[in-house]
Amino acid sequence: MKFSYSWIREFVSGLDVPAQALERLITMKTAECEGIEAVGVLLAGAVAARVDGVEPIEGSKNVKASVLGKTVVCGASNCRPGITTVYVPLGNKTVSGVVSEGMLASAAELGINKDGAGILELAGAVELPAPDSIIEIDNKSITHRPDLWGHYGMAREVAAITAKSLIDPVDTTLLPAPGGPVRIEIEDLALCPRYSALVFENVTVQPSPLWLQYRLTSVGLNPINNIVDVTNYIMAELAQPMHAFDRAKLTGDTITARRGLDGERMPALNGEEYDLGPANLVIADAAGPIALAGVIGGRDSAISRDTTSMVLESANFQASNIRKTSSSLKLRTDASIRFEKSQDPQNTLRALARAIELLPLVSPGIRLAGGLADRAADIPAPAPIPLDLDWLGRKLGREVPEAPAVLRSLQFEVTDDLLVTVPSWRATRDIAMPEDLVEEVGRMIGYDTIPATAPLVPCAPSYDPPERGFLRRVRRLVAAQGFTEVSNYSFISEEEARTFGFPIEDHLRVLNPIAAGQELMRTSLLPGIYRNIVTNAKHFDEFRIFEIGHEIHKGPLELPHLTAAIYSKDTALLELKRVAECLAPGIRVAAAQPQIWEHPARCVELWWNGIQIGRLSQLKAEPACVLDIDLTLLRELQPPPPKFTPVPRFPSSSFDLTVIVGERELAGTLQLEFERFAESVEYVREYALGDGRKSLTFRITLRDPNRTLSEEDILKVRLQIIAHIQGLGYEMRV
């Protein structure tokens with residue numbers, strides 16, 4: 001949000017704080033400023049001047065202009081004798097071989113508007129505006145302050161900060177009596193708490209004067225014509241959006257604020273046509289919608305060069321409805337941004353009174369037709385908030401006897417018995433309880449005035465849920481294996497769901513996606529990890545990534561999962577299996593039916609303590625392997641803390657056995673069979689025989705807790721194992 005320093009000074013009597021210092025004060029006491037921009041720098045020494053003569057320059061497109069007895073080189077196509085333009089004395093400079101004593105400036109160069117096609121043409125003697133400083137404030141810091149979306153609201157803060165008097169630019173006595181030539185009907189006063197309008201005749205639509213164009217341009221608004229510019233000027237001044245309709249283009253004398261109808265369409269001012277429905281609040285005449293309430297006006301009722309009579313609207317709308325409409329249509333305007341902050345319903349009449357004063361300045365001869373049309377909901381005034389100075393002092397950490405005066409400087413009413421009445425512009429969504437008053441007093445006296453004393457209250461460690469500690473351990477363990485954590489949105493597109501074979505109907509659909517391609521809640525972390533793989537594969541030959549997040553299923557049900565991936569030219573399945581074993585010692589693998597995204601021969605299920613907890617596979621489309629584990633099951637199946645076990649008294653004995661199996665046989669299947677007879681079994685190696693078979697070698701370890709095993713004991717167990725394995729149909733190499 002941009003604020004003009006000179007504009008603020010018009011409302012603060014005797015403001016002598018420089019712009020740079022004021023920016024600092026606003027940051028410390030009201031809202032975070034992002035910097036100051038100088039605008040209209042060339043206007044500092046500029047003067048209106050007549051071009052007395054023009055001579056061509058041989059071999060150049062530029063010309064020599066005679067202005068105020070000086071020679072100025074100019075390249076503008078509209079530079080001609082007799083026109084009045086703006087001369088800027090920048091000193092001498094040689095251009096096209098000619099010494100130019102200054103320059104003739106365009107409107108864009110002067111900061112008046114964005115027209116840089118030629119030098120500015122003035123109609124007679126015109127007072128040029130002065131240079132200005134623009135203070136830019138972070139929008140996020142004033143989201144809760146609808147009053148600060150206009151210069152008068154910011155001036156109110158500045159007046160309180162600098163202990164100066166506030167000058168109100170609005171004269172409400174200019175408002176006519178009720179009884180306008182148009183009638184107002186509101187279908188739902190909750191959606192439209194107030195709608196006010198005036199009718200003007202003898203309207204002349206033309207370009208705005210320079211001062212108006214300059215002021216709008218300096219705060220980021222585009223000048224359009226004198227009527228629209230006045231509505232934007234008032235919006236930037238009072239934070240009250242307004243809209244003007246060409247009365248000749250309206251059907252009937254009744255303007256209605258109602259819900260849209262199914263199938264209604266409205267061509268808008270931006271050239272688009274929008275489908276409307278009951279979720280949208282519209283402004284309509286007898287023929288249909290003429291504006292999308294609080295967002296944008298309709299094209300068919302817009303002000304044009306031929307307009308001679310207009311209806312000027314000043315309304316208030318429910319913030320949440322405007323926000324939903326703006327988001328669903330993906331259309332944010334200067335008006336919708338302000339309305340979604342919960343504007344003050346009392347401000348509609350103030351804006352109309354200001355328009356009555358400004359319009360004659362830009363459209364000579366304009367006049368009111370009839371009285372005021374106004375329809376408003378009965379909004380009760382907020383209850384006064386009691387203020388306890390002792391309590392406030394304890395909250396802030398210092399006594400503040402001047403608190404009532406501080407609140408009065410911010411236009412709060414404070415009675416002698418310390419009952420605080422909140423002004424209407426702060427009551428919509430900002431100030432509602434005593435704690436809010438503490439913040440108001442604290443920011444104005446300065447938090448740096450509060451002694452930095454630690455509070456004398458008992459301290460206790462915060463409760464750390466076991467689930468959080470478990471996730472931290474998982475995160476640390478996976479990161480220790482060389483993986484980098486990533487974080488993805490919980491949304492995926494329909495195309496991604498189809499790519500991985502996830503049924504669309506199994507997903508929760510987002511009614512108002514934040515961006516295209518994010519319309520479904522993810523039921524797996526895999527699509528996000530796959531996007532990360534594709535992106536990083538453009539820059540790295542190998543990498544390891546993981547994500548801990550929630551799968552979101554209908555219910556809704558959120559299930560925490562770990563998905564890890566290794567991108568490598570070499571197969572990394574065994575490395576990922578090792579990571580799974582670190583998380584779940586003793587985890588087993590079992591053959592799995594491949595999914596459409598998996599390598600048909602390189603996918604397994606992961607089983608732990610008799611329950612499937614995840615999946616391990618290689619991607620079909622990329623040289624990457626992916627591990628997915630259900631963290632809820634992993635946590636539930638965690639074994640109890642290990643107990644002390646004494647060192648075995650008797651030694652163990654080991655021997656190797658080799659089994660001939662088919663090339664797709666899983667080593668884990670045989671390992672389970674060997675473990676029936678041994679203390680431990682270790683998979684040693686695999687050797688491909690080249691005939692569709694392979695040999696698997698296992699190391700068998702035996703131990704008796706009561707004695708040392710003899711050769712006969714070992715041979716007996718060895719023969720039992722061989723007999724058992726051969727009985728299962730396998731060939732042994734012994």
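The figures here come from the full heavy-atom set of this structure, side chains too, leaving out hydrogens, waters and symmetry mates. Only a predicted model underlies this, so the values are computations on that prediction, with no experimental measurement involved.
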| What distance do C192 atom SG and N321 atom CG have between them, rounded to the nearest 0.5 Å? | 10.0 Å
| Have S424 and D344 got a donor and an acceptor in their side chains that come within less than 3.5 Å? | yes
| Gap separating the CD1 atom of I322 from the CD1 atom of I337, nearest 0.5 angstrom | 12.5 Å
| said: Other residues, nucleotides and ligands only: do more than 12 of their heavy atoms fall within 6.0 Å of CG on L511? | reply: no
| task | State, yes or no, whether a side-chain contact exists between N222 and L216 at a heavy-atom distance under 4.5 Å. | result | no
| said: Could you check whether any side-chain heavy atom of I26 comes within less than 4.5 Å of a side-chain heavy atom of I137, counting everything from C-beta outward? | reply: yes
| note | Heavy-atom closest pair (I112 atom, T217 atom, distance to 0.1 Å) is O-OG1, 2.7 Å
| message | Taking salt bridge (charged side-chain N to carboxylate O under 4.0 Å, His left out) as the cut-off, I'd like each qualifying pair that reaches into residues 221-233, sequence neighbours left out, listed once. | response | none
| So, does D132 use its side chain to make a donor-acceptor pair with the main chain of S4 at under 3.5 Å? | no
| Check: E340 side chain, G294 main-chain N or O, donor-acceptor pair, under 3.5 Å | no
| query | Tell me, which pairs form a ring pair (Phe, Tyr, Trp, His ring centres under 6.0 Å) where one or both residues lie in residues 274-320, sequence neighbours left out? | reply | F317-F339
| field | ring pair (Phe, Tyr, Trp, His ring centres under 6.0 Å) partners of residues 199-219, not counting sequence neighbours, each pair once | value | W211-Y233
| Test side-chain contact (heavy atoms from CB on, under 4.5 Å) applied to K324 - qualifying residues, sequence neighbours left out | none
| message | Strictly below 4.0 Å, N to O, side chains only: are R375 and E185 in salt-bridge contact? | response | no
| message | With salt bridge (charged side-chain N to carboxylate O under 4.0 Å, His left out) as the rule and sequence neighbours excluded, what pairs involving residues 137-152 come up? | response | R145-D147, R145-E157, R145-D430, D147-R156
| Rounded to the nearest 0.5 Å, what separation is found between the CG atom of N202 and the OG atom of S363? | 7.0 Å
| field | Full working for side chain to side chain contact (heavy atoms under 4.5 Å, CB included) between V17 and L25 | value | CA-CA 10 Å; V17 179; L25 288 173; 4.2 Å; yes
| task | Could you tell me which residues satisfy side-chain contact (heavy atoms from CB on, under 4.5 Å) with T421, sequence neighbours excluded, listed by chain and number? | result | P384, E413
| query | Side chains of S165 and S13: is there a donor and an acceptor less than 3.5 Å apart? | reply | no
| Interatomic distance, I234 atom CD1 to E357 atom CD [nearest 0.5 angstrom] | 9.5 Å
| said: Show every side chain to side chain donor-acceptor pair (under 3.5 Å) that has at least one partner inside residues 398-409, sequence neighbours left out. | reply: R398-E402, R398-T449
| Sidechain-backbone polar pair: N225 side chain, S304 backbone, donor-acceptor under 3.5 Å | no
| request: Kindly indicate whether the side chain of F412, heavy atoms from C-beta on, has any atom under 4.5 Å from the side chain of I431. | output: yes
| task | Please say whether more than 12 non-hydrogen atoms of neighbouring residues, nucleotides or ligands are located less than 6.0 Å from OH in Y447. | result | yes
| task | Indicate whether any N or O donor in one side chain lies under 3.5 Å from an N or O acceptor in the other, for D246 and T307. | result | yes
| Residues which pass ring pair (Phe, Tyr, Trp, His ring centres under 6.0 Å) with H151, listed by chain and number, not counting sequence neighbours | F3, W7
| note | Rounding to 0.5 Å, atoms CE (M444) and NZ (K29) come to a distance of 6.0 Å
| request: Evaluate the side-chain proximity of K2 to S218: yes if any heavy-atom separation is below 4.5 Å, no if none is. | output: no
| request: Look at D168 together with R350 and state whether they make a salt bridge at an N to O cut-off of under 4.0 Å. | output: yes
| request: Can you sort out the partners of E34 under salt bridge (Lys or Arg N to Asp or Glu O under 4.0 Å), two or more places apart, ordered by chain and number? | output: none
| query | Strictly by modelled atom types, are S208 and N226 linked by a side-chain donor-acceptor pair under 3.5 Å? | reply | no
| request: Heavy atoms only: give me the nearest N512-S327 pair and the separation to one decimal. | output: ND2-CB, 3.2 Å
| task | Return the minimal non-hydrogen interatomic distance between I514 and F491, and the atom names on each side. | result | CD1-CE1, 4.2 Å
| Looking only at heavy atoms, which two atoms of G153 and L148 are closest? And how far apart? | O-CD2, 3.5 Å
| task | Output yes when a side-chain donor or acceptor of S326 lies under 3.5 Å from a complementary backbone atom of L331, and no otherwise. | result | yes
| request: State, yes or no, whether a side-chain contact exists between V510 and Q518 at a heavy-atom distance under 4.5 Å. | output: no
| request: Please tell me if the side chains of I283 and T256 come closer than 4.5 Å, counting only heavy atoms from C-beta onward. | output: no
| query | Can you tell me how far CD1 of I224 sits from CG of N113, rounded to the nearest 0.5 angstrom? | reply | 12.0 Å
| said: Going by the rule ring pair (Phe, Tyr, Trp, His ring centres under 6.0 Å), which residues pair with Y195 if we only count those two or more places apart in sequence or in a different chain? | reply: none
| With no hydrogens and no angle check, is any side-chain donor or acceptor of Q343 less than 3.5 Å from a backbone partner on R338? | yes
| field | Qualifying salt bridge (charged side-chain N to carboxylate O under 4.0 Å, His left out) pairs with a residue from residues 303-321, counting only residues at least two apart or across chains | value | none
| So which pairs with a foot in residues 250-269 pass salt bridge (charged side-chain N to carboxylate O under 4.0 Å, His left out), sequence neighbours left out? | R247-D253, R258-E264, R265-E273, R265-D275
| Test side chain to side chain contact (heavy atoms under 4.5 Å, CB included) applied to W149 and K341, M235, M154, the passing residue | K341
| task | Please answer whether the main-chain N or O of S342 pairs with a side-chain N or O of T428 as donor and acceptor at a distance below 3.5 Å. | result | yes
| task | May I ask you to decide if T348's main-chain N or O and S314's side chain share a donor-acceptor pair within less than 3.5 Å? | result | yes
| message | Pairing donors with acceptors under 3.5 angstrom, does anything connect the side chains of Q206 and T204? | response | no
